[in-house]
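Read the structure below first, then the notes.
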Number of protein chains: 2
Amino acid sequence: MDRKPTHPGAVFLEDIMKPLNLTVTEAAHMLGVSRKALSEFVNEKASLSPEMALRISKATNTSVESWMNMQQKLTLWYAYQHEPTNVIPFPLDAVKKRM
Amino acid sequence: MDRKPTHPGAVFLEDIMKPLNLTVTEAAHMLGVSRKALSEFVNEKASLSPEMALRISKATNTSVESWMNMQQKLTLWYAYQHEPTNVIPFPLDAVKKRM
DNA sequence: TGGGTTGACCCGTGTAACGTTACGGGTTAT
DNA sequence: ATAACCCGTAACGTTACACGGGTCAACCCA
């Protein structure tokens with residue numbers, strides 16, 4: 001129902017690479033990944049892997065969580081597109097809800 | 001460096017299934033997944049997939065995010081075990097840090 | 001015009017979630 | 001004891017995907 005969350009790769013491209021005038025080739029080398037891997041990421045063909053998040057975090061001195069959370073929102077958005085319907089609610093009347 | 005975060009499957013088993021006296025077979029059926037899938041999850045052999053998180057969320061009326069975050073912490077913990085070393089810092093002196 | 005960059009594509013590899021099926025061990029009820 | 005469950009697990013196959021290597025056409029720019 002919500003709008004599709006921004007892909008972390010787009011953020012990385014706009015907010016990091018462009019301001020620093022870094023090419024995909026350069027940035028890929030600095031991150032220690034292949035040009036292809038980074039290219040697919042910034043072009044939203046691939047999602048953010050935990051390892052890539054760690055690399056970006058180290059290279060840009062930002063928090064891993066912030067990047068992971070971006071991906072998580074996207075992942076969750078995709079999941080909601082194929083929402084499972086055959087789920088039977090648990091009888092949790094007796095259980096105190098903590099969340 | 002922190003201690004290994006709790007696996008969401010363990011939480012699901014202890015805080016949901018046990019209090020409700022649900023067997024793996026019963027819970028799997030209610031969630032709409034195979035017995036094996038749930039068994040591997042609660043026994044920490046498989047991680048929490050987004051779809052599984054959605055199912056658990058719907059069945060137990062809890063937030064998807066809370067479950068996803070548990071998994072994310074675990075995933076990140078694993079990632080830190082194989083921390084990438086060949087990462088060259090970006091020259092971000094000119095960029096204002098927003099995070 | 002020639003060099004660097006880029007995105008798309010193919011191929012191959014490793015990982016992982018999931019389903020189905022089947023087995024053996026354990027518990028409980030008949 | 002025999003049947004009925006429940007459980008963990010293993011094998012097999014499917015599907016998805018991150019990643020690397022290589023190639024190639026398009027493109028921009030000096």
Side-chain angles (χ1 to χ4, degrees), chain A residues 7-10 12-14 16-18 20-59 64 67-68 70-72 74-87, chain B residues 7-10 12-14 16-18 20-59 64 67-68 70-72 74-87:
Chain A
H7 192 289
F12 181 72
L13 178 62
E14 295 298 327
I16 308 286
M17 288 178 56
K18 285 193 176 175
L20 293 177
N21 280 310
L22 289 176
T23 68
V24 172
T25 307
E26 289 169 342
H29 173 250
M30 298 172 86
L31 290 175
V33 298
S34 72
R35 181 177 70 85
K36 189 195 174 197
L38 183 59
S39 172
E40 290 187 336
F41 171 60
V42 300
N43 286 292
E44 313 188 17
K45 307 288 181 176
S47 52
L48 176 67
S49 67
E51 199 201 291
M52 183 72 84
L54 223 43
R55 292 178 183 276
I56 290 178
S57 165
K58 298 188 101 175
V64 204
W67 295 100
M68 290 292 285
M70 277 188 249
Q71 180 57 53
Q72 178 170 306
L74 229 197
T75 303
L76 232 28
W77 184 86
Y78 279 121
Y80 273 119
Q81 305 304 104
H82 317 286
E83 246 186 294
T85 55
N86 54 333
V87 178
Chain B
H7 192 289
F12 181 73
L13 178 61
E14 295 298 325
I16 307 287
M17 289 178 57
K18 284 194 178 176
L20 293 178
N21 279 310
L22 288 177
T23 68
V24 172
T25 305
E26 288 170 344
H29 174 250
M30 298 172 87
L31 290 174
V33 299
S34 72
R35 185 166 66 88
K36 187 199 177 206
L38 184 58
S39 172
E40 289 186 337
F41 171 60
V42 300
N43 287 292
E44 312 188 18
K45 306 290 180 179
S47 53
L48 177 67
S49 68
E51 200 203 288
M52 183 73 83
L54 223 44
R55 293 178 183 277
I56 290 178
S57 164
K58 299 188 99 176
V64 203
W67 295 101
M68 291 291 285
M70 278 188 249
Q71 180 57 53
Q72 178 169 305
L74 230 197
T75 303
L76 233 28
W77 184 86
Y78 281 121
Y80 273 119
Q81 306 303 103
H82 316 284
E83 248 187 295
T85 56
N86 54 334
V87 178

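Letters A, B, ... are given to chains in the order of the sequence lines, protein chains preceding strands, and every chain is numbered from 1.
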Boundaries of the DNA chain D segment in contact with chain A, non-hydrogen, under 4.0 Å: D/dA18 to D/dT23
Position toward the 5' end of DNA chain C (nearest nucleotide), B/Arg35 or B/Ala46: B/Ala46
Under 3.5 Å: donor-acceptor pair, side chain of A/His29, backbone of A/Ser34: no
Side-chain (B/Lys58) to main-chain (A/Pro84) donor-acceptor, under 3.5 angstrom: yes
Aromatic plane relationship, A/Phe12 with A/Phe41 - under 30° parallel, 30 to 60° tilted, over 60° perpendicular: tilted
Nearest-Å distance for atom pair CG/C1', residues B/Asn21 and C/dT27: 16 Å
Criterion side-chain contact (heavy atoms from CB on, under 4.5 Å) on B/Leu48 and B/Ile56, from CA distance to verdict: CA-CA 10 Å; B/Leu48 177 67; B/Ile56 290 178; 4.2 Å; yes
5' precedence on DNA chain D between B/Met17 and B/Lys36 (nearest-nucleotide basis): B/Met17
Short side-chain to backbone donor-acceptor contact, A/Glu44 and A/His7, under 3.5 Å: no
A/Val24 and A/Met17, any side-chain heavy atoms less than 4.5 Å apart: yes
Interatomic distance, A/Lys45 NZ vs C/dC9 C1' [rounded to whole Å]: 11 Å
Euclidean distance, atom CZ of residue A/Phe41 to atom P of C/dA8 [Å, nearest integer]: 16 Å
Distance in angstrom units between A/Glu40 CD and C/dC9 C1', rounded: 10 Å
